[in-house]
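Working notes, beginning with the structure itself.
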Amino acid sequence: MLEKTFDAATVEPRLYDEWEKAGAFKAGAGKKDGQDSFSIVIPPPNVTGSLHMGHALNNTLQDVMIRYHRMKGLDVLWQPGMDHAGIATQMVVERQLAANNEPDRRSMGRDAFVDRVWQWKGESGGTIFNQLRRLGATADWSRERFTMDEGLSKAVQKVFIQLYNEGLIYRGKRLVNWDPKFETAISDLEVENKEVDGHMWHFKYPLAGGETYTYVEKDEDGNILFTEERDYISIATTRPETMLGDGAVAVHPSDERYAPIVGKLCEIPVGPKEHRRLIPIICDEYPDPDFGSGAVKITGAHDFNDYQVARRNMIPCYRLMDVQAGMRADGAPYAECAAKALEIAKTGELPGEREVDEINLVPDEYRGLDRFEARKQIVDAINAEGLCVFAKDEEGNDVPFVENKKIMQPFGDRSGVVIEPMLTDQWFADAKTLAGPAIDSVREGRTKFVPQNWEKTYFEWMENIEPWCISRQLWWGHRIPAWFGPDDHIFVAHDDAEAAEQAKAHYGKDVDLKRDEDVLDTWFSSALWPFSTLGWPDKTPELERYYQTDVLVTGFDIIFFWVARMMMMSMHFMKEEPFHTVYVHALVRDEHGAKMSKSKGNVIDPLDLVDEYGADAVRFTLTAMAAQGRDIKLATSRVAGYRNFGTKLWNATRFTQMNGCERTAEFDPSTVKETVNQWIVTELAKAAKDVSDAIEAYRFNDAANTLYRFVWNLYCDWYIELSKPVLQAEGESAAKSETQACAAWVLDQICLLLHPIMPFITEELWAETGKTGPARKGLLILEDWPSYDIKDTGAADDINWLVDMITAIRSIRSEMNIKPSTQLKLEVVGASDETKARLAAHDAIIKRLARVEDIKVSEAVPQGSAQVVVHEATVALPLAGIIDLDAEKARLEKDLDKIAKVAEKFEKKLGNEKFVANAPAEIVEEQKAKLAEQNELKAKVQEALDRILAAL
RNA sequence: GGGUGAUUAGCUCAGCUGGUUAGAGCAUCUCGUUUACACCGAGAGGGUCGGGAGUUCGAAUCUCUCAUCACCCA
């Protein structure tokens with residue numbers, strides 16, 4: 001006999017072990033001959049990561065599909081693995097070194113540090129997989145891959161070399177997002193733009209040689225508002241320290257105010273007086289004439305917009321900062337550099353990227369300062385010189401004009417420090433070219449997004465894709481297979497020897513080569529995931545069998561990271577999409593819809609939920625809430641509710657055990673005789689089809705809700721209750737043994753259907769109910785997904801009538817305050833032959849469930865009865881002297897009112913000529929039938945009311 | 001500023017291609033040891049589907065518009 005409740009905490013680990021021992025997670029476990037494959041590659045979690053709700057949802061849905069398809073007999077592979085997370089992992093290990101007072105990364109050297117990272121990985125990496133096991137995830141752990149393992153590294157190398165040789169990877173000096181804490185380039189997806197309090201300073205850039213012009217401001221109609229003779233142009237900036245690197249001042253071509261001075265030079269109002277730099281005033285579409293003064297300083301090396309302007313207009317980009325975002329302290333003294341810059345400004349001739357980069361325009365006194373300290377000093381210096389724009393304070397004094405305003409500032413999502421746009425040498429992949437086929441795949445429907453609207457986001461991003469900066473200045477990652485000759489000529493090769501060979505051919509002699517220090521972006525290796533994990537570049541049977549994979553399951557916040565990159569690389573190297581479907585699920589938020597974050601303290605740890613409610617409840621909750629196109633607001637009450645659902649099923653099984661419901665080998669659902677049994681098997685077949693359809697259509701919530709309804713509302717609330725009179729009758733009968741077998745059989749089917757979502761409790765019940773009756777083949781996890789050939793015998797009509805009858809009597813009892821213990825007598829008036837037959841057939845059930853001791857068919861309603869209309873018949877409860885006639889009158893009136901309202905709706909509809917003329921005939925018929933039904937009901941209730949009125 | 005999505009019972013949400021008497025769970029109220037289950041059962045109350053306009057015989061569902069909120073990108 002079962003315990004009263006399911007003990008998830010002890011059962012779950014035991015079952016997980018059994019599954020694993022049975023080899024149930026292995027690729028192809030339980031596959032049927034001739035069946036196709038079904039494969040999913042896990043979106044690789046980060047080796048430093050631990051399980052959060054997003055993972056829980058993501059992996060639950062994958063596991064539901066995996067378990068479902070495995071049961072369907074497909075050759076299933078769920079390929080697990082992790083990525084090496086360059087920055088995050090390096091950060092974790094560096095922190096650990098610091099905490100242990102060990103030498104830092106630089107003092108221990110690259111090789112020792114990388115060894116140390118591997119050591120860390122061996123000890124602490126991948127905790128997330130143990131957490132996924134607790135959720136019941138059935139990935140094929142024996143095939144776990146890691147982006148840094150040998151095979152995947154080989155794939156990365158091959159891809160890099162091939163793309164380089166195809167001209168799709170190149171090296172160049174570009175503006176990239178620079179993280180000064182980690183001292184590496186990062187992708188713009190790793191940058192978080194946040195609104196912070198900032199300042200906007202307004203400064204005067206004096207015109208060269210003391211020139212003046214008439215500054216005129218006009219309103220929309222051309223009326224002059226303000227005129228002033230000026231010897232400067234006014235600039236607004238939020239970053240005064242970058243003024244040192246200005247290459248120009250730009251104004252909009254349509255801006256008449258500055259038309260007189262376009263093409264002239266102006267002076268940057270900072271630095272030693274004798275070396276003030278002159279820069280040109282140019283026209284460009286970029287400045288917004290209505291914003292600030294309408295004039296914008298152009299600092300190509302430190303701002304993405306300025307960079308574009310600089311490139312368009314041949315303006316030099318002067319780098320001002322070092323790798324830690326301190327002001328540069330290298331190179332020639334300021335005087336020398338400033339002179340070179342002045343020369344460039346005057347001639348307009350742009351030297352090479354390298355030469356420009358050697359010019360350090362940071363004045364000597366600011367060299368080596370932190371950028372924020374430099375900012376402060378520069379502002380002070382300009383103000384002291386009176387080259388700021390002035391405003392009046394409250395007392396009418398002139399004060400420097402500084403606006404306090406919100407500005408968007410980029411932060412590194414890992415480091416949390418302000419990201420600096422920085423001109424550096426990096427490797428780039430030609431994402432635009434690679435994106436082409438990937439865009440076509442989706443446009444031509446070879447890969448579909450579910451829900452479809454995410455296609456738009458995908459296109460948006462892919463069509464505006466920028467060159468992908470793939471190099472990182474880190475030590476942990478795939479080192480770029482490129483060597484530099486003495487003249488910086490690049491040799492891309494598989495190893496030193498090959499590079500040396502290439503160099504020898506190039507130079508005609510042996511030379512010293514220096515290998516590139518940089519590693520590749522983690523996403524470069526993740527992009528290969530769908531095929532590299534299957535063994536590419538080798539031609540493995542796995543690749544043959546499981547590529548293309550079926551579906552990628554991911555959150556929308558990560559479409560760019562995973563989907564886009566996997567699509568690009570797969571199309572290029574495999575010539576086939578990595579997956580035919582991308583299922584994009586929601587973000588899990590807290591119950592009020594706020595994003596879960598550590599700082600808010602509203603994080604729900606999925607493992608805490610598993611501890612408290614069991615993995616099945618957590619899985620069911622996430623599945624039931626995974627409606628397409630909506631965020632999940634997770635309330636723990638919901639999880640508790642689904643835990644209760646599991647207990648309900650558990651206890652239903654317990655009931656069947658107590659009532660001799662054993663499985664029998666010969667039970668055949670298509671030949672059951674009892675109406676109740678016919679009904680439940682028909683409903684089961686319907687539910688099973690709905691569940692299959694829902695899972696295949698990625699409508700996971702529908703699958704969960706269908707099961708919930710079937711198990712609780714149909715099987716437990718009605719089937720079991722309706723079966724009780726038969727099951728608990730004395731002695732043996734055909735009806736009893738059929739019902740016993742049927743109840744057990746349906747329970748088996750429930751276990752099968754529910755297993756993908758609630759694997760543990762169903763497996764446990766499967767074992768429990770397997771202790772009697774025919775022996776089980778094995779574990780539930782490897783059982784066959786059911787399908788049924790059960791014809792509808794129309795039993796549902798009968799049962800619906802029965803349910804209506806019982807509910808009506810219960811309702812009346814409750815409303816008339818009849819004690820539950822009171823046994824009533826029932827008189828049914830105006831019953832059709834069918835109703836009479838049903839009354840006879842279900843006599844015992846009605847008596848039991850409605851607590852009635854006697855049922856008879858009568859000609860007339862007895863005086864002083866409570867009455868309720870069930871279909872065509874009036875059910876009278878003779879309660880003369882007991883019932884409150886006024887209350888009964890009120891009840892019937894209320895009823896009547898309700899019916900009248902409904903009837904009115906139909907009448908109105910049918911009274912509309914246009915409706916009758918235009919609506920499909922079947923709809924009109926349906927409405928007519930409904931109206932007739934309501935009218936009939938109304939008449940009966942009216943009669944009942946009349947009888948009460950007569951008795952009053 | 002651009003984009004996307006949301007707005008349905010007190011709360012969290014279903015409601016797919018327009019035809020339901022607008023549903024569920026939780027919460028609420030009343031009743032209940034009818035021995036599978038109080039992590040339960042029975043019954044009940046509760047919504048002019050964010051506002052407005054339109055298309056249509058018919059709109060929670062389609063269109064427009066406004067409002068509020070959220071997220072993404074500038």
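Proteins come first, then strands; the chains are lettered A, B, ... in the order of their sequence lines, and each starts at number 1.
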Side-chain N or O of A:Asn644 versus OP1/OP2 of B:C39: is the shortest distance under 4.0 Å? no
Of the listed nucleotides B:G19, B:G43, B:A36, the one nearest the side chain of A:Phe915: B:G19
Watson-Crick or G-U wobble partner of B:G18, both distances under 3.5 Å: none
B:U63 pairs with which nucleotide, Watson-Crick or G-U wobble, both distances below 3.5 Å? B:A53
For A:Arg638 and B:C11, what is the distance between atoms CZ and P respectively, to the nearest whole Å? 15 Å
With a 4.0 Å cutoff (strictly under), does any side-chain N or O of A:Lys908 reach OP1 or OP2 of B:U21? no
Please state whether the phosphate of B:G58, meaning OP1 or OP2, lies under 4.0 angstrom from any side-chain nitrogen or oxygen of A:Asn918. no
With a 3.5 Å cut-off and no angle check, do the side chains of A:Thr623 and A:Asn701 form a donor-acceptor pair? no
Is the distance from OP1 or OP2 of B:G3 to the nearest side-chain N or O of A:Trp454 less than 4.0 Å? no
Can you check whether any acceptor in the base of B:C37 is under 3.5 Å from a donor in the side chain of A:Lys648, or vice versa? yes
Heavy-atom donor-acceptor pair, A:Arg643 side-chain to B:C39 base, under 3.5 Å: yes
Assert: residue with more 5' nearest nucleotide on RNA chain B, out of A:Gly641 and A:Asn912, is A:Gly641
Is A:Lys905 near enough to B:A22 that one of its side-chain N or O atoms lies under 4.0 angstrom from OP1 or OP2? yes
B:G32 to B:A70 separation - P atoms, rounded to the nearest Å: 47 Å
So does A:Glu815 reach the base of B:A42 with its side chain, donor to acceptor, closer than 3.5 Å? no
Using a strict cut-off of less than 4.0 Å between a Lys/Arg side-chain nitrogen and an Asp/Glu carboxylate oxygen, indicate whether A:Glu888 and A:Arg891 qualify as a salt bridge. yes
Identify which nucleotide among B:A44, B:C37, B:G41 has an atom closest to any side-chain atom of A:Trp712, counting heavy atoms from C-beta outward. B:G41
Counting side-chain heavy atoms from C-beta on, which of B:A14, B:G32, B:U4 comes nearest to A:Lys456? B:U4
To the nearest Å, how far apart are A:Lys819 NZ and B:A42 C1'? 17 Å
For a quick test of reading the model: is some side-chain N or O of A:Lys930 closer than 4.0 Å to OP1 or OP2 of B:U21? yes
Between P of B:G41 and CZ of A:Arg810, the distance in whole Å: 11 Å
When you check the phosphate oxygens OP1 and OP2 of B:G58, does a side-chain N or O of A:Lys909 lie under 4.0 Å from one of them? no
Applying the Watson-Crick and G-U wobble criteria at under 3.5 Å, what pairs with B:A24? Answer none if nothing qualifies. B:U12
Report the nucleotide, chosen from B:U21, B:G43, B:A36, that has the shortest atom-to-atom distance to any side-chain atom of A:Gln934. B:U21
Identify which nucleotide among B:C57, B:C37, B:A42 has an atom closest to any side-chain atom of A:Asp717, counting heavy atoms from C-beta outward. B:A42
Could you tell me whether A:Phe906 contacts a base, only the sugar-phosphate backbone, or nothing, with contacts defined as non-hydrogen atoms closer than 4.0 Å? sugar-phosphate
Tell me whether the side-chain N/O atoms of A:Ser637 come closer than 4.0 Å to OP1 or OP2 in B:A27. no
Check the distance between B:C73's C1' and A:Phe304's CZ and give it to me in whole angstrom. 15 Å
Does the distance from a Lys or Arg side-chain N to an Asp or Glu carboxylate O, for A:Lys908 and A:Glu904, drop under 4.0 Å? no
Roughly how many Å apart are B:U7 and B:G50, using the P atom of each and rounding to a whole number? 7 Å
Is the phosphate of B:G15 approached by A:Arg699 (side-chain N or O, under 4.0 Å from OP1 or OP2)? yes
Does any nucleotide pair with B:G43 by Watson-Crick or G-U wobble geometry, both distances under 3.5 Å, and what is it? B:C29
What distance, rounded to whole Å, do you find between the two C1' atoms, one in B:C49 and one in B:A59? 11 Å
In terms of relative ring orientation, are A:Tyr698 and A:Phe700 parallel, tilted or perpendicular, with 30° and 60° separating the classes? perpendicular
Expressed as a whole number of angstroms, how long is the span from A:Tyr613:OH to B:C39:C1'? 10 Å
Tell me yes or no: between the side chains of A:Asn659 and A:Thr656, is some donor less than 3.5 Å from an acceptor? no
Kindly point out which of B:U12, B:A38, B:G19 is positioned nearest to the side chain of A:Met625? B:U12
Of A:Arg851 and A:Val191, the one whose nearest nucleotide on RNA chain B sits closer to the 5' end is A:Arg851
Check this for me: does any side-chain nitrogen of one of A:Arg443 and A:Glu463 sit under 4.0 Å from a carboxylate oxygen of the other? yes
I'd like the C1' distance from B:U55 over to B:U63, given in whole Å. 7 Å
Who does B:U4 pair with, Watson-Crick or G-U, both distances under 3.5 Å? B:A70
Taking 4.0 angstrom as the limit, do A:Glu683 and A:Lys686 come out as a salt bridge? yes
